[in-house]
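Written below as structure tokens is the structure these notes are about.
We name chains A, B, ... by the order of the sequence lines, and we start the count at 1 in each one. Being a predicted model, the structure only gives us computed values, none of them experimental.
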Amino acid sequence: MEDTIISQRRAKADALRARGEDPYANDFRVTHTAAEIHAAHSGDDLETLEQKAVQVAVGGRVMAIRRMGKLVFFVLADRSGQIQANLFQDALPAADLERIELVDVGDIVGVAGPVMRTRRGELSVKATSLRLLTKSLRPLPEKWHGLTDVSTRYRQRYVDLIVNEDVRRTFQARGRIVSYIRRFFEDRDYLEVETPMLQSIYGGAAAKPFVTHHNSMDMRLFMRIAPELNLKRLVVGGLHRVFELNRNFRNEGISTRHNPEFTALEFYEAFANYEDLMALTEELLHGLCIHLHGTDQIPYGEHTLSFAQPFRRLSVYQGLIEHAGVPADAVEDRDALLAAAQRLHVPKAHEMALGYLQMAIFEAAAEHLLVQPTFVTDFPLDVSPLSRRKDANPKLVDRFELYCAGREIANAFSELNDPIDQHERFAAQANQRDKGDEEAHPMDDDFIRALEYGMPPTAGEGIGIDRLVMLMTNQPSIREVIFFPLLRPEA
RNA sequence: GGGCCAUUAGCUCAAUCGGCAGAGCAACGGACUCUUAAUCCGCAGGUUGAAGGUUCGAUUCCUUCAUGGCCCA
């Protein structure tokens with residue numbers, strides 16, 4: 001029974017206290033990490049190390065104990081990796097030898113002594129002292145199979161991280177990705193900014209918000225679904241290159257691709273258009289892939305993704321023609337589109353305005369085919385209330401979405417900066433809302449006012465960081481790249 | 001929201017047609033000064049997710065619920 005193990009370990013903590021030692025001490029100082037020791041001495045043989053007698057102090061969790069009678073091996077894990085500690089009876093003071101008996105797998109210990117190599121070649125620390133620094137009361141999962149139960153892995157991510165090295169690596173990669181992105185934009189003279197998560201009017205995307213309440217102001221507030229409108233206000237204010245890398249909240253279903261809170265990068269650059277952003281996006285993803293993997297060809301599930309530049313480009317209309325079987329001269333023909341929608345089992349097709357219908361067909365027919373990075377361009381105006389019209393075709397906008405592995409990774413456009421047009425678009429969205437579209441964009445009078453002061457010609461983009469991390473780390477579920485994905489509370 | 005699947009010891013998994021609930025690892029006791037999932041001997045550990053039903057008898061069959069996973073919308 002679990003309580004049996006816990007009480008056994010509590011007894012060991014008590015035994016330590018009886019010896020006048022704190023089972024939760026905090027006075028041990030580490031001089032080296034495991035990785036530093038491996039890096040410094042990987043080429044040193046047994047005799048060389050004996051001569052050098054390099055003294056180190058390492059601290060970490062005991063991942064394995066192998067007792068050989070008068071010799072005990074610990075495998076220690078610290079933030080950098082693992083190192084073996086060898087506890088020889090004739091190298092340790094009596095008090096430390098007795099302490100070995102109080103150490104369990106899972107405890108945090110400190111070991112000091114010279115770096116050595118065993119006869120079998122294992123680089124180790126020969127312990128001349130042993131401290132027990134943190135008593136672990138709960139047993140770790142089995143050493144070979146680890147922890148695999150998905151629910152437990154997410155609920156007790158700390159255990160998942162202790163025992164599953166690949167999980168640790170995935171989250172380390174996530175950190176490096178975020179860091180690379182920040183550096184990428186800082187190098188291009190972008191300013192990192194933070195804008196409100198709590199908003200009295202939400203906007204910037206088509207999604208349902210979380211609603212909350214401010215008590216002392218007695219005010220309804222929304223969790224933001226996107227930072228877009230605030231970032232464009234900053235561009236109006238003269239911050240011509242800004243980015244925000246932060247959380248968005250959308251009140252929708254949970255799946256392998258959706259978590260209610262997710263991390264997005266949004267960036268805005270004045271005097272640029274959506275074509276410029278395609279080039280910038282290629283550069284960002286290509287550089288990131290090389291930075292992480294040293295190559296631009298990486299596995300994702302059964303596929304090999306290529307981030308070699310340039311990425312494929314496919315207009316929405318081309319997609320309708322090539323993948324949905326819509327005749328080339330009928331991409332704006334409602335009857336032809338409805339026929340395609342029926343073939344593809346698009347629900348509620350008859351209720352949709354033209355642009356929504358085109359996109360629903362495109363998504364049903366083409367989305368899953370877009371495995372290699374592909375810029376889908378030239379979206380219908382109806383579904384793009386914040387994008388600039390195309391000069392050549394006012395029914396379309398200067399917009400692209402980047403698809404990869406059948407998923408939307410990024411969404412970008414030349415920004416609509418005509419306040420009159422923007423007001424009309426919001427009005428059209430209000431009309432959609434009246435028809436029952438809960439995801440239609442709400443009117444934002446202050447945003448119109450900001451545009452009336454004049455926003456320079458600008459292009460902006462949003463990139464889903466969680467999905468990007470999934471691609472870069474070959475993970476099939478968004479929950480594998482979010483430390484604590486949303487779950488129902490335990491019973 | 002719909003369908004399918006899973007839930008058994010701390011962890012990973014068994015259990016024949018409905019017939020005494022088992023193993024490995026971890027733990028506990030012991031042997032061992034070069035192990036690498038150490039090895040060897042011994043011992044212990046269970047409200048089979050919850051509630052109800054069928055049955056002489058339920059881990060197994062049925063119903064409802066809970067949690068999670070996958071697929072679909």
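No side-chain donor-acceptor contact under 3.5 Å links Arg61(A) to the backbone of Ala77(A).
Thr148(A) comes within 4.0 angstrom of the backbone, heavy atoms only, and of no base. At a threshold of 4.0 angstrom between heavy atoms, the contacts of Gly253(A) with the nucleic acid are absent. Backbone-only contact: Arg479(A) has heavy atoms under 4.0 Å from sugar-phosphate atoms and none from a base. Nucleic acid contact for Asn86(A): none, since no nucleic acid atom lies under 4.0 Å from a heavy atom of the residue. Residue contacts for Arg155(A): at a heavy-atom cut-off of 4.0 Å it reaches the sugar-phosphate backbone alone, with no base atom in range.
The local environment of CD in Glu322(A) is crowded, with over 12 non-hydrogen atoms from other residues, nucleotides or ligands closer than 6.0 Å. Other residues, nucleotides and ligands contribute more than 12 heavy atoms inside 6.0 Å of the CD atom of Gln172(A). A 6.0 Å sphere centred on CG of Asp166(A) holds more than 12 heavy atoms belonging to other residues, nucleotides or ligands. Annotation for Arg79(A): atom CZ does not count as buried by contact number, only 12 or fewer foreign heavy atoms lying within 6.0 Å. Atom CZ of Arg343(A) has more than 12 heavy atoms from other residues, nucleotides or ligands within 6.0 Å.
Note: CG (Asp90(A)) to P (C34(B)) measures 12 Å, nearest angstrom. Rounding to whole angstrom units, CZ of residue Phe73(A) and C1' of C32(B) are separated by 12 Å. Here U33(B) presents its P atom at 13 Å from CD1 of Ile100(A), a figure rounded to the nearest Å. A straight line from CG of Leu87(A) to P of C34(B) spans 14 Å, rounded to a whole angstrom. Residue Ile6(A) contributes atom CD1, which lies 12 Å from atom P of C11(B) at whole-angstrom precision. For the pair Leu76(A) CG and U36(B) C1', the computed distance is 14 Å after rounding to whole Å. In this structure, Asp149(A) places its CG atom 13 Å from P of C70(B), rounding to the nearest Å. A straight line from CZ of Arg66(A) to C1' of A38(B) spans 7 Å, rounded to a whole angstrom.
Mapping Val75(A) and Met68(A) onto RNA chain B by nearest heavy atom places Met68(A) at the nucleotide closer to the 5' end. The nearest heavy atom of RNA chain B to Lys70(A) and to Gly146(A) marks one nucleotide each, and the one closer to the 5' end goes with Gly146(A).
Taking atom P on both nucleotides, U39(B) is separated from C34(B) by 15 Å, rounded to a whole Å. G30(B) and G68(B) have their P atoms separated by 44 Å, given to the nearest Å. Distance check on atom P: A50(B) versus U59(B) gives 11 Å, rounded to whole Å. Only the P atoms considered, A21(B) is 33 Å distant from A38(B), to the nearest whole Å. For the C1' atoms, the distance from G42(B) to G52(B) is 44 Å, rounded to whole Å. Distance noted for atom P between C71(B) and G29(B): 47 Å (whole Å). U33(B) sits 33 Å from U12(B) when the C1' atoms are compared, rounded to a whole Å. Taking the P atoms as reference points, A58(B) lies 15 Å from G49(B), given to the whole Å.
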For nucleotides 25-31 of chain B, which of its nitrogen or oxygen atoms have a protein nitrogen or oxygen under 3.5 Å away, and what is each distance?
residue	atom	partner	partner atom	Å
C25(B)	O3'	Lys143(A)	NZ	3.3
A26(B)	OP1	Lys143(A)	NZ	2.8
A27(B)	O2'	Gln8(A)	OE1	2.3
A27(B)	O2'	Gln8(A)	NE2	3.4
C28(B)	OP1	Lys12(A)	NZ	2.4

Between N or O atoms, less than 3.5 Å apart, protein on one side and nucleotides 71-73 of chain B on the other: list the pairs.
none

Val159(A) vs Thr152(A), test: side-chain contact (heavy atoms from CB on, under 4.5 Å). Steps then yes/no.
CA-CA 9 Å; Val159(A) 180; Thr152(A) 309; over 6 Å; no
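There is no side-chain donor-acceptor pair under 3.5 Å between Glu480(A) and Thr170(A).
Salt bridge annotation for Arg250(A)-Glu252(A): absent, with no cationic side-chain nitrogen under 4.0 angstrom from a carboxylate oxygen.
Look at Arg488(A) and you'll find a side-chain N or O under 4.0 angstrom from OP1 or OP2 of U67(B).
Residues forming a side chain to side chain donor-acceptor pair (under 3.5 Å) with Thr48(A) (at least two apart in sequence, or on another chain): Asp45(A). Shown here are the salt bridge (Lys or Arg N to Asp or Glu O under 4.0 Å) partners of Lys395(A), two or more places apart in sequence or in another chain: Glu332(A). Residues passing the side chain to side chain donor-acceptor pair (under 3.5 Å) test with Arg155(A), sequence neighbours excluded: Ser151(A).
Nearest heavy-atom pair across Leu147(A) and Pro141(A) is CB-CG, 3.9 Å.
Looking at RNA chain B, the stems built from 3 or more consecutive Watson-Crick or G-U wobble pairs, each pair with its key distances under 3.5 Å, are B:1-7 with B:66-72, B:10-13 with B:22-25, B:28-31 with B:39-42, B:49-53 with B:61-65.
The side chain of Ala64(A) approaches A38(B) more closely than any other nucleotide in the set C34(B), C11(B), A38(B).
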